[in-house]
Asks: 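Pasting a structure below so you can have a look.
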Number of protein chains: 2
Amino acid sequence: MARERSGGRVATREVVLASVRLFTENGFDATTMDGIAAATGVSRRSLFRRFGSKEDILFAEHDELFSTVVRYLEASPDDPLSSVFAAARLVLQGYLGDPEITVPRYRLVRAHPRLRDREVAMTARYQAAFSRFLADREGGDGGGERSLAAGVAAASLISAHNHVLRSWLRSPEQDRREVWASFDAAMEFVRRAAEPMLRAEEGAARERVLVAVYPGGIGRDELIRRVTAAVEGAGGA
Amino acid sequence: MARERSGGRVATREVVLASVRLFTENGFDATTMDGIAAATGVSRRSLFRRFGSKEDILFAEHDELFSTVVRYLEASPDDPLSSVFAAARLVLQGYLGDPEITVPRYRLVRAHPRLRDREVAMTARYQAAFSRFLADREGGDGGGERSLAAGVAAASLISAHNHVLRSWLRSPEQDRREVWASFDAAMEFVRRAAEPMLRAEEGAARERVLVAVYPGGIGRDELIRRVTAAVEGAGGA
DNA sequence: CCCTATTCTGGCACTGGATGCCACAGAAAG
DNA sequence: CTTTCTGTGGCATCCAGTGCCAGAATAGGG
């Protein structure tokens, strides 16, 4: 079913939509790159060049969304926590706004462990980006405590976001306002947990105990070096 | 370098160690299954049968650890939160106790995106297991709020665990006591955030606000139906 | 001890994802 | 029009992964 050869390059979105249809109808494994090439009019070789792999076709739109979110985050003027909340909102919006791809993809992902891993890797990319953003933007020293708090806050945020997202993906016909209400509730839930976490580092001097165990023979400088390393490693509590 | 044919089945661990060595020396992609077969004396076909894939050889030990942790979790009599902390301790112990595999694997994972995704998928499995465990064991109704709290708590725990784990993997020569001190500190950090989260559902009736937006024309029953659906969806805040 | 059923293993052939190489078409630049 | 650059398709090749089958090893029953 070679498409009209008249025009130039076939749009990415067209290829993705056709591929999603083929995957859904024939199964992911049973769909070959030759089949996609035949269905879209793009040569097998060009498919690999443009998308990288068969899986990447399915997640091409998602990669774009990720870039958008990261760019948005870098340009965000708000306080760090509000910025990542807004970024998460953008991600959910990306899913809700493109159900033609995201919903059947979710069904495929649920059925295929390999695709599920790929999806998980995507959310991990968000988590890493959010974590780094929070660690960079939040004040405090450069110690490990900050990156611990940032990492945990980002993980919480992603988890809450995915909780709402999955709920919608399972029944995409539900009212959007309910979805957004759930999202707001989830973000509020995370904010209550994450805000004191990130604030904690500012008053980090109080209410902390350092426990050091070390051989009796070592010198003073060596002891200090070790303690410094340990504290920088993860921040004692 | 075919191994002595005298004995029976070559142990899994031997195959993994040999493979890790080959991956490290020649690169993951440059190492073929034929190469591993030649180096271990196990036929190419049996390698696929026993491990599933080339990547799975690298993570075989990790899969075992995962099963151990899950079994431990199921048999754990402690309160749920302490149980998952203990389980996380078990995971870290699994890494620290097998540096011959875990350390070079970390180097490979860092260098190769595909392996990184695989590693991320492993941690996601832990996160899902912990989340389900918390959701099942913690009291409260069966609503979405509980699974939200459980998911966020599990995500926080995994993130904190990985924070400590990565710190050790980057410099595995550091004192183990420092690692465990960091771990304890990180767990304490998570406990402070997660405990109120999970408790919150018990006194869930207080301090909550319901915001409903709806068209003016709908009837009373329809309004109640929608509100009920929204609250069940993710628990308003 | 022998014969049988089950399981594990290895060899073989084959599919299909993925990559390198090269030739060619179209657009942009001179 | 010529040159250059970029994107494309065809071709050959590599190698992970799978189905099939035959043979070895192991267990079990008489």
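To find a chain, count down the sequence lines: A is the first, B the second, and so on, and within it residues start at 1.
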Asks: From CD1 of A/I36 over to C1' of C/dG16, roughly how many Å is that when rounded to an integer?
Replies: 12 Å

Asks: Between the base of C/dG20 and the side chain of A/R49, is there a donor and acceptor pair under 3.5 angstrom?
Replies: no

Asks: Can you tell me the distance, in whole Å, between the CZ atom of B/F23 and the C1' atom of D/dA16?
Replies: 12 Å

Asks: Any idea which heavy atoms bring A/Y72 and A/A86 closest together, and the distance?
Replies: OH-CB, 3.2 Å

Asks: I'd like to know if the side chain of B/T68 reaches the main chain of B/E64, judged simply by a donor and an acceptor atom lying under 3.5 Å from each other, with no hydrogens or angles considered.
Replies: yes

Asks: I'd like to know if A/D117 and B/R114 make a salt bridge, using a cut-off of under 4.0 Å between side-chain N and carboxylate O.
Replies: no

Asks: Pick the closest DNA chain D nucleotide for A/R114 and for B/A30 by heavy atoms, then say which residue is nearer the 5' end.
Replies: B/A30

Asks: Rounding to an integer number of Å, can you tell me how far B/D29 CG sits from D/dC15 P?
Replies: 11 Å

Asks: For the side chain of A/T32, starting at C-beta, report the closest nucleotide among D/dA16, C/dG17, C/dA18.
Replies: C/dG17

Asks: Categorize A/R50 for me: base, sugar-phosphate, or nothing, with a 4.0 angstrom heavy-atom threshold over every strand shown.
Replies: sugar-phosphate

Asks: Please report the distance, rounded to the nearest Å, between CG in A/D34 and P in D/dC11.
Replies: 12 Å

Asks: Please state whether the phosphate of C/dT9, meaning OP1 or OP2, lies under 4.0 angstrom from any side-chain nitrogen or oxygen of B/R9.
Replies: yes

Asks: From CZ of A/R44 over to C1' of C/dC21, roughly how many Å is that when rounded to an integer?
Replies: 15 Å

Asks: Could you tell me how far apart A/F48 (CZ) and C/dC21 (C1') are, to the nearest whole angstrom?
Replies: 16 Å

Asks: Just how far, in rounded Å, is P of C/dA18 from NE2 of B/H112?
Replies: 12 Å

Asks: Send over the distance from B/M33 CE to C/dC12 P, rounded to a whole Å.
Replies: 18 Å

Asks: Run the side chain to side chain contact (heavy atoms under 4.5 Å, CB included) test on A/L169 and A/R107 for me, step by step, so that the C-alpha distance in whole Å, both residues' side-chain angles and the decisive distance to 0.1 Å come before the verdict.
Replies: CA-CA 9 Å; A/L169 284 168; A/R107 306 229 163 92; over 6 Å; no

Asks: Would you mind telling me which residue lines up with the more 5' stretch of DNA chain C, A/R45 or A/T31, judged by nearest nucleotide?
Replies: A/T31

Asks: Which residues pass the ring pair (Phe, Tyr, Trp, His ring centres under 6.0 Å) test with B/F51, not counting sequence neighbours?
Replies: none

Asks: Just N and O in the side chain of B/S46: are any of them under 4.0 Å from OP1 or OP2 of C/dG10?
Replies: yes

